[in-house]
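Source: prediction; values computed, not measured. Sequence positions, counted from 1, serve as the residue numbers for this chain. Only heavy atoms go into these numbers, but all of them, side chains included; no hydrogens, no water, no symmetry mates.
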Amino acid sequence: MPELEIDALVFDVLGTLVDEPSGLRAGIRAFDPSLDEARVEQLLSLWQRHIEHEQRRIVLGERPYHASDVLDLEAARLIADATGTDDQDAVASLARSARRLPAWPDTVDGLARLAGHFPLIALSNASRTALLQLNADAGLRWHQALSAADAGSYKPSEAVYRLAVTVAGVPPQRLLMVAAHAWDLRAAASLGLRTAYVSRPVGDPPGPADRFDLHATDLLDLADQLDGR
């Protein structure tokens, strides 16, 4: 593997730095406290399937672009329909649970360490508004936060990763994409970015054919590895 010469780090946010499923579960429980855990998991799966399906349709050009706020509200309405709830204020609050996601235990300290050595760029499928509130709530530190909304698409569209390349002002190979999702890293690598996989319980682990530049157990481990280079 060629030696890493990195000018900036680019981070996925949802799942990589924050525990998205836990935040959504909390929102679903608050929406209907009578739900048992099995039903909460079913509704969480309904939400996640909707988001994944609609983002994929947008990337493929089968649906015009809509920001994550719109998709989250659609998902919340699906849950309301599934539970027989018609309280629109409660539905709106449930949709906003996508912005109230807890950081992983190592995230804040890991970002602080890495920020002492590299510019940090967030690159998220979350809307600008959602990303602002999510970052503030989870205590995330950035030098620049980019939303896929600026590309009018969603990852893994190449246009989203180009946002980070343009903002950084360096060749793609001078950027290190950090994510817990192998699909995210594959897409970044196809544009020439270097890649670092961070293991998370909710991530998409690498397959046998994946060849990422770095593998880390968490952000502190990633900082240790980059310090040694």
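- Linking Ile, Leu, Val, Met, Phe, Trp and Tyr whenever their side-chain heavy atoms come within less than 4.5 Å puts W142 and L226 in one cluster.
- Looking only at side-chain heavy atoms (C-beta outward), L14 and S124 come within less than 4.5 Å of each other.
- Under the 3.5 Å distance criterion, the side-chain polar atoms of T166 are matched with a main-chain donor or acceptor of R162.
- A parallel orientation is assigned to the rings of H181 and W183, their planes being inclined by less than 30° (bins at 30° and 60°).
- Ring orientation note: the planes of Y65 and Y154 are tilted relative to one another, at an angle of 30° to 60°.
- Side-chain atoms of S93 never come within 3.5 Å of backbone atoms of D89 as a donor-acceptor pair (strictly under, hydrogens ignored).
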Criterion salt bridge (Lys or Arg N to Asp or Glu O under 4.0 Å) on D69 and R99, from CA distance to verdict: CA-CA 9 Å; D69 312 274; R99 308 175 187 180; 2.6 Å; yes
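- With S147 contributing its side chain and A149 its backbone, the two residues share a donor-acceptor pair below 3.5 Å.
- At a threshold of 4.5 Å between non-hydrogen side-chain atoms, the residues L134 and V18 count as touching.
- In this structure, the side chains of L44 and I28 come closer than 4.5 Å at one or more pairs of heavy atoms.
- No donor-acceptor pair closer than 3.5 Å links the side chain of Q173 to the backbone N or O of L4.
- Using a distance-only test at 3.5 Å, with no hydrogens or angles considered, a donor-acceptor pair links the side chain of D106 to the main chain of L219.
- No side-chain donor-acceptor contact under 3.5 Å links D137 to the backbone of Q133.
- Between the side chain of D213 and the backbone N or O of T195, at least one donor-acceptor pair lies under 3.5 Å.
- W104 is not listed as a side-chain neighbour of S22, based on a closest heavy-atom distance of 4.5 Å or more.
- Looking at heavy atoms from C-beta onward, L43 lies out of side-chain contact with F31 at the 4.5 angstrom threshold.
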